[in-house]
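The analysis underlying the following values was restricted to heavy atoms, covering all of them including side chains, and did not include hydrogens, waters or symmetry mates. Residue indices begin at 1 and follow the sequence shown. None of the values given here were measured: they were computed from a predicted structure.
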Amino acid sequence: MAMTVVPQGGALVATGTTTGAVVPIAMTPFSQGRRSHLQAPIMLLTGHGGEVYSLKFHREGKVIASSSFDKAIFLWNVYGDCENYYILKGHTSAVLEVHWTKNNNLVSCSADKTVQVFDAISGQRVKKFIGHTSFVNSCCPSRSQAEVSVSGSDDTTAKVWDARVKSAVQSLPHRFAVTSVAFGEEHHQVFTGCLDNEIRMWDLRALDSRGEVCLALKGHEDTVTGIAVSPDGSYVLSNSMDNTVRGVQHNFEKNLLRCSWSPDGQRIAAGSADRFVWIWDTTTRNALYKLPGHVGSVNDVQFHPLEPIIGSCSSDKNIYLGEVKI
């Protein structure tokens, strides 16, 4: 693993060697207009051997988890030299999405047709859910129940899993492949995005194990690839192959590009095929930032939970952390 800190204002802060050692060159003082505790205003994290599909900050903001085509989940320090201190292995194909659970574990999904849960402290896999019959495109843990998560697959189902139970506790049928899933604020609400361009809200309290669709959101003209529920649970953000983030224009390619909310719900961000990180104001819908740096499709963009830091990952195999004024 190598780590490079990108030049800021013409001054290189640090560089990585082929052995992964970090050689300090110069330091930018925190007092010179700095907004965060990052070692430098922009940090570049390298080490994945393939496209990086997903990136998530732990809620305390000190650690990042990333997942990749290289079948691995990397854990990185956010501060200092941003070292990759753990590589979690268990999947046998590309890991398409990863999330932190309420009890500090990691839940991930993969093209190997499984959903897996890892202990982020020991690095051990603690659960492997088998039940999908094709690629699992998306997963999301419950906001309130640490053991519960939902997944969406090319097999046209979304499945609800409980780590205390061997098999899926509910299976939500669709006509086409499910490309994105998210839990709502309530533990019984699940949102799914599909190849039919619709977003569905399911009520898991229905007596039928298949759940019940209580709302269908239409408007996108192509596949929904990312869904994110606002921090207060009042709004749903969606990203689609029709080049929009729920009415905001950007560029797209046929990747599962994700989207996210800022902790205060005032900003949104999304991945884009134009290689830029896009950030918008939710009130005005104006673009606030179009951030360069990646040389491949930006697949996921996430806000730091405590500081004005944006994290992004890309098909160029790289991860950026950068300060922004938000």
Just wondering, more than 12 heavy atoms not from [X] lying within 6.0 Å of its [atom1]?
| X | atom1 | value |
| --- | --- | --- |
| Lys113 | NZ | no |
| Arg275 | CZ | no |
| Phe69 | CZ | no |
| Phe135 | CZ | no |
| Tyr85 | OH | yes |

Report whether [X] and [Y] are members of the same hydrophobic cluster (ILVMFWY, side-chain heavy atoms less than 4.5 Å apart, transitive linking).
| X | Y | answer |
| --- | --- | --- |
| Leu45 | Tyr86 | no |
| Val181 | Leu204 | yes |
| Leu55 | Trp100 | no |
| Leu257 | Leu195 | no |
| Val117 | Ile73 | no |

[Y] and [X], any side-chain heavy atoms less than 4.5 Å apart:
| X | Y | answer |
| --- | --- | --- |
| Thr114 | His91 | yes |
| Phe176 | Asn197 | no |
| Tyr235 | Thr282 | no |
| Glu60 | Leu306 | no |
| Leu106 | His99 | no |
| Glu147 | Asn103 | yes |

Glu307 and Arg35 ion-paired at < 4.0 Å: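 Looking at Arg35 together with Glu307, the answer is no, because their closest N to O distance does not fall below 4.0 Å.
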Can a salt bridge be assigned to the pair Glu51 and Lys317 using a cut-off of 4.0 Å between side-chain N and carboxylate O?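 Salt bridge between Glu51 and Lys317, a charged N being under 4.0 Å from a carboxylate O: no.
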Taking [Y]'s backbone N and O only, do any of them form a donor-acceptor pair with [X]'s side chain (distance below 3.5 Å, no angle check)?
| X | Y | value |
| --- | --- | --- |
| Ser314 | Gly296 | yes |
| Ser54 | Ser66 | no |
| Ser108 | Glu97 | no |
| Ser240 | Thr223 | yes |
| Tyr289 | Lys325 | yes |

Could I get the full list of side chain to side chain contact (heavy atoms under 4.5 Å, CB included) partners for Val295, not counting sequence neighbours?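 Listed in chain order: Asp316.
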Going by the angle between their ring planes, with limits at 30° and 60°, are Phe74 and Trp76 parallel, tilted or perpendicular?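 Correct class here is tilted.
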Out of Thr156, Thr192, Asp196, Thr157, which residue meets the side-chain hydrogen bond (donor to acceptor under 3.5 Å, both in side chains) rule with His174?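 Looking at Thr156, Thr192, Asp196, Thr157, the match for His174 under the side-chain hydrogen bond (donor to acceptor under 3.5 Å, both in side chains) is Thr192.
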